[in-house]
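Following: one structure in structure tokens, then a few remarks.
Positions are given from 1, in the same order as the sequence printed here.
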Amino acid sequence: MRPELTSSSPSPTDRRLSALVRHLASASPLMESQTAISFSATASFHGESVFSHVVRAPEDPILGVTVAYNKDPSPVKLNLGVGAYRTEEGKPLVLNVVRKAEQMLVNDRSRVKEYLPIVGLAEFNKLSAKLIFGADSPAIRENRVTTVQCLSGTGSLRVGAEFLARHYHQRTIYIPQPTWGNHPKIFTLSGLSVKTYRYYDPATRGLNFQGLLEDLGSAPSGAIVLLHACAHNPTGVDPTLQQWEQIRRLMRSKALLPFFDSAYQGFASGNLDADAQSVRMFVADGGECFVAQSYAKNMGLYGERVGALSVVCKTADVASRVESQLKLVIRPMFSNPPIHGASIVATILKDRNMYNDWTIELKAMADRIISMRQELFDALRARGTPGDWSHIIKQIGMFTFTGLNSEQVAFMTREYHIYMTSDGRISMAGLSSKTVPHLADAIHAAVTRMS
């Protein structure tokens, strides 16, 4: 029977390695100076990790909410942190039209799993541009738009930002204050310098329009400006069409480059065309712009990572050259995008009946969120909760910026097992008629006891 090796006795491999090092050291003066290095490498192999210095990173502030929620054994716990739609029963929803499209794809025996081109599924790109810019868009008709398939909204923003860092004369991007937590990280890592412009007014819980105009007015000529196409995340506060027109005029007068993030088309108002009006306003004037699209929310394709980046250019020739350079950004990043999710989208968008079915399901999701806003507002008013809560029904989209501070949020998590981001943002899509009273009780207690 083989004897057990104790920690004090070297293994046969170690003995052979030591003998080899001694032999080489005696044969070569150079090896003598490297013997210590050899031994330290052996020690690190058997001892401490070469990554021992790595510091534990903090949880992502949004996804970390779900981590904490999952650890909570309470039966009344409520997760209002992550921006994903839930049914009245609190369950994730796969749209019927998505299931139908997937079944059609599965049944099509001619489909293969070959790589897509670098720019993705051509049909998906064409239909995505049409969805955001409109079927009658002059920019599409004149071939002035290049669209590339990317990894949902995040990937679309990253590809666009890296292109701008390489090929645009201004390296500064202005983002709204506040904005989605991933925006500054995406743009900074892409090589852009991030600055902010005023957007949200905590006093009115609405838009600080004057501050927005002043900050963009003082931005250097040619700077890039990130704009939320609709359903601003995290505030749910959008400019009116008249305000959008003023923003457009100001930006064009200073040659500021618009970069739209369109994550909620159709999901905000329930109307795909209404939610695209801000983007179409900027395209109609003949100027250039970038648009990142995501199908995570409006088709419920969160985990499929389906998105598109469109660049509207002055001429078809410029658009073609821009696309050639976008390929050089994408190729070393993820080579080419995945086929399944884009095929689902293309299947739905190209079929009139399926498209109509989608718009009905999309409106139902938007309407449920709007009804949750009304129910929460009514519940707070019924409790006589101090303060004006009308911003809950004035804001739009998946999120409400409650105005609760971090201490009040912590209190609600501790005492009521309600999870949300520390800035007081709640996902209205995570609420149901059954859970509204629990949330209203928690807000009422937080406001009256933690003010």
task = Begin from the C-alpha positions of Leu131 and Tyr295 and carry the test side-chain contact (heavy atoms from CB on, under 4.5 Å) through to its verdict.
result = CA-CA 11 Å; Leu131 186 71; Tyr295 289 94; 3.7 Å; yes
message = Quick check against the 3.5 Å criterion: does Gln149 have a side-chain atom that pairs as donor or acceptor with the backbone of Phe124?
response = no
inquiry  = Can you classify the ring geometry of His438 versus Tyr416 as parallel (below 30°), tilted (30 to 60°) or perpendicular (above 60°)?
reply    = tilted
Close side-chain approach of Leu227 to Trp244, heavy-atom, < 4.5 Å = yes
ask   = Closest heavy-atom contact between Gln395 and Phe401?
value = OE1-N, 2.9 Å
request  = Ignoring hydrogens and angles, tell me if any N or O in the side chain of His232 forms a donor-acceptor pair with the backbone of Pro178 under 3.5 Å.
outcome  = yes
message = Please determine whether the number of non-hydrogen atoms from other residues, nucleotides or ligands lying under 6.0 Å from atom CZ of Arg352 exceeds 12.
response = no
message = Are the side chains of Leu151 and Arg158 in contact, using a 4.5 Å heavy-atom criterion?
response = no
inquiry  = Contact between Val283 and Ser137 at the side-chain level, heavy atoms closer than 4.5 Å - yes or no?
reply    = yes
query = In Å, rounded to the nearest 0.5 Å, how long is the span from CZ of Arg248 to OG of Ser253?
reply = 10.0 Å
ask   = Taking C-beta and beyond as the side chain, do Val225 and Pro258 meet within less than 4.5 Å on heavy atoms?
value = no
Ile392 side, atom CD1; Leu376 side, atom CG - distance, nearest 0.5 Å = 4.0 Å
request  = Count the heavy atoms belonging to other residues, nucleotides or ligands that lie under 6.0 Å from NZ of Lys254, then report whether that count exceeds 12.
outcome  = yes
ask   = Does the pair Lys126 and Lys130 meet the rule for a side-chain contact (heavy atoms from CB on, under 4.5 Å), with working shown?
value = CA-CA 6 Å; Lys126 185 179 175 183; Lys130 186 176 160 185; over 6 Å; no
ask   = Does the distance from a Lys or Arg side-chain N to an Asp or Glu carboxylate O, for Asp273 and Arg280, drop under 4.0 Å?
value = yes
note = Interatomic distance, CD@Glu375 vs CE@Met372, rounded to 0.5 Å, equals 4.0 Å
key: Whether Thr188 side chain and Lys185 backbone form a donor-acceptor pair below 3.5 Å   = no
message = Using the rule given for side-chain contact (heavy atoms from CB on, under 4.5 Å), can you reason through Thr196 versus Asp215, listing the C-alpha separation, both sets of side-chain angles and the distance that settles it, and then say yes or no?
response = CA-CA 8 Å; Thr196 61; Asp215 290 350; over 6 Å; no
query = Quick one: does Gln265's side chain have a donor or acceptor within less than 3.5 Å of a partner on Asp275's backbone?
reply = no
Exercise: identify the closest heavy-atom pair between Val237 and Gly206 = CG1-C, 3.7 Å
query = How long is the gap from CG on Leu192 to CD1 on Ile186, to the nearest 0.5 Å?
reply = 11.0 Å
message = Assess, by modelled atom type and distance only, whether the side chains of Ser433 and Glu88 contain a donor and an acceptor separated by less than 3.5 Å.
response = yes
Give the table of side-chain donor-acceptor pairs shorter than 3.5 Å for residues 56-67, with sequence neighbours excluded, one pair per line with atom names and distance.
{"unit_1": "Asp60", "atom_1": "OD1", "unit_2": "Ile62", "atom_2": "N", "d": "2.9"}
{"unit_1": "Asp60", "atom_1": "OD1", "unit_2": "Leu63", "atom_2": "N", "d": "2.9"}
{"unit_1": "Thr66", "atom_1": "OG1", "unit_2": "Asn79", "atom_2": "ND2", "d": "3.2"}

task = Search all heavy atoms of Gly397 against all heavy atoms of Ile369 and return the closest pair with its distance.
result = O-CG2, 3.3 Å
query = So, does His391 use its side chain to make a donor-acceptor pair with the main chain of Thr402 at under 3.5 Å?
reply = yes
query = Between His183 and Trp180, what is the ring plane arrangement, given parallel below 30°, perpendicular above 60°, and tilted in between?
reply = perpendicular
key: Ser156 side chain to Ala292 backbone, donor-acceptor under 3.5 Å   = no
query = Do the side chains of Trp358 and Leu272 get nearer than 4.5 Å, heavy atoms only?
reply = yes
message = Between Asp261 (side chain only) and His228 (backbone N and O only), is there a donor and an acceptor less than 3.5 Å apart?
response = no
task = Any chance you could measure Gln325, atom CD, to Glu162, atom CD, to the nearest 0.5 Å?
result = 13.0 Å
request  = May I ask you to test the Met299-Val306 pair for a side-chain heavy-atom distance under 4.5 Å?
outcome  = no
message = What I'd like to find out is whether the side chain of Ser320 reaches to under 4.5 Å of the side chain of Thr146, using heavy atoms alone.
response = no
Using a 3.5 Å cut-off and no angle test, enumerate the donor-acceptor pairs between side-chain atoms of residues 328-346 and protein atoms at least two apart in sequence or in another chain.
{"unit_1": "Arg331", "atom_1": "NH1", "unit_2": "Ser335", "atom_2": "OG", "d": "2.2"}
{"unit_1": "His340", "atom_1": "NE2", "unit_2": "Glu102", "atom_2": "OE2", "d": "2.8"}
{"unit_1": "Ser343", "atom_1": "OG", "unit_2": "Arg111", "atom_2": "NH2", "d": "3.4"}
{"unit_1": "Ser343", "atom_1": "OG", "unit_2": "Ile339", "atom_2": "O", "d": "2.7"}

task = Report yes or no: does Ser152 contribute a side-chain atom to a donor-acceptor pair with the main-chain N or O of Thr154 at less than 3.5 Å?
result = no
message = Under the rule for salt bridge (Lys or Arg N to Asp or Glu O under 4.0 Å), what residues qualify as partners of Lys350, not counting sequence neighbours?
response = Glu123
query = So, Arg171 side chain and Tyr168 main chain: donor-acceptor pair closer than 3.5 Å or not?
reply = yes
query = NZ of Lys434: more than 12 outside heavy atoms within 6.0 angstrom?
reply = yes
ask   = How are the rings of Phe187 and Phe259 set to each other: parallel, tilted or perpendicular (split at 30° and 60°)?
value = perpendicular
request  = Please determine if Lys77 forms a cation-pi arrangement with Tyr419, meaning its NZ or CZ atom is less than 6.0 Å from the six-membered ring centre and no more than 45° off the ring axis.
outcome  = no
query = Which heavy atom in Thr179 sits nearest to a heavy atom in Pro184, and how many Å separate them?
reply = CG2-CD, 4.2 Å
message = For the backbone of Arg86 and the side chain of Arg368, can you confirm whether one donor and one acceptor N or O come within less than 3.5 Å of each other?
response = yes
ask   = Closest heavy-atom contact between Arg252 and Phe282?
value = NH2-O, 2.9 Å
request  = Give the ring-plane orientation class for Phe163 versus Phe290, where under 30° counts as parallel, over 60° as perpendicular and anything between as tilted.
outcome  = tilted
query = Should the pair Arg144-Glu142 be classified as a salt bridge under the 4.0 Å nitrogen-to-oxygen rule?
reply = yes
message = Are the side chains of Phe133 and Val279 in contact, using a 4.5 Å heavy-atom criterion?
response = yes
query = Can Thr315 and Asp317 be said to form a side chain to side chain donor-acceptor pair (under 3.5 Å), step by step?
reply = CA-CA 5 Å; Thr315 67; Asp317 176 55; 5.0 Å; no
task = Could you grab the distance from atom OH of Tyr85 to atom OG of Ser427, nearest 0.5 Å is fine?
result = 10.5 Å
key: Flag for Asn271-Ser269: side-chain donor and acceptor within less than 3.5 Å   = no
message = I'd like to know whether CZ of Arg141 has more than 12 heavy-atom contacts from other residues, nucleotides or ligands below 6.0 angstrom.
response = yes
remark   = Tested for side-chain hydrogen bond (donor to acceptor under 3.5 Å, both in side chains) against Arg383, the lone hit among Thr448, Asp378, Asp441 is Asp441
ask   = Do the ring planes of Tyr199 and Tyr197 sit parallel (below 30°), tilted (30 to 60°) or perpendicular (above 60°)?
value = perpendicular
query = With distance as the sole criterion, is a donor-acceptor pair present between the side chains of Asp423 and Thr421 under 3.5 Å?
reply = yes
inquiry  = Looking at every non-hydrogen atom in both residues, tell me the closest pair between Gln170 and Ala223 and how far apart they are.
reply    = CG-N, 3.8 Å
inquiry  = Does Arg425 form a side-chain contact (heavy atoms from CB on, under 4.5 Å) with Asn233? I'd like the steps, not just the answer.
reply    = CA-CA 9 Å; Arg425 183 195 84 164; Asn233 176 6; 2.9 Å; yes
